[in-house]
Amino acid sequence: MKIKVIDIVYDTTDNEELYLNMVLPTELVFDIDGDGDSDDVEYEIVESIGNITGWTVKSFKWSEVVD
């Protein structure tokens, strides 16, 4: 399933100084293996963003991309 994630907010609690010197994406489009269940999709999104950026996510909005 291809999804678009917007309004990504990262958890900077322990690394605020490092975060201020970085440019992290607030929007990403990628494929996940979620089965459509909202909880599974959101877990996959959090894992994928963490793998892409190396940062933990606090919040985001997402929608499925229909080609």
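Numbers here simply count residues along the sequence, with the first being 1.
- Taking both residues in full, the closest heavy atoms of Asp33 and Glu44 are given as N-OE1, 4.2 Å, listed atom of the first, atom of the second, then distance.
- Checked for salt-bridge contact, Asp7 and Lys61 meet the test: a charged N lies under 4.0 Å from a carboxylate O.
- Counting heavy atoms from C-beta outward, Phe30 and Ile52 have side chains that approach closer than 4.5 Å.
- Under a hydrophobic clustering in which Ile, Leu, Val, Met, Phe, Trp and Tyr are joined whenever their side-chain heavy atoms come within less than 4.5 Å, directly or via other members, Met22 and Val57 fall into the same cluster.
- Between Glu27 and Ile8, the closest heavy-atom pair is N-CD1, 4.0 Å.
- With rounding to the nearest 0.5 angstrom, the NZ atom of Lys4 is 11.0 Å from the CG atom of Leu28.
- In this structure the side chain of Trp55 never reaches within 4.5 angstrom of the side chain of Ile49, judged on heavy atoms.
- Side-chain atoms of Tyr10 come within 3.5 Å of backbone N or O of Pro25 as a donor-acceptor pair.
- When all heavy atoms are compared, the tightest approach of Met1 to Val41 is CE-CG2, 4.0 Å.
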Derivation of the side chain to side chain contact (heavy atoms under 4.5 Å, CB included) call for Phe60 and Thr26 | CA-CA 9 Å; Phe60 57 86; Thr26 58; over 6 Å; no
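- To the nearest 0.5 Å, atom CD1 of residue Ile3 and atom OG of residue Ser48 are 6.5 Å apart.
- When every heavy atom of Ile45 is checked against every heavy atom of Trp62, the shortest pair comes out as CD1-CG, 3.4 Å.
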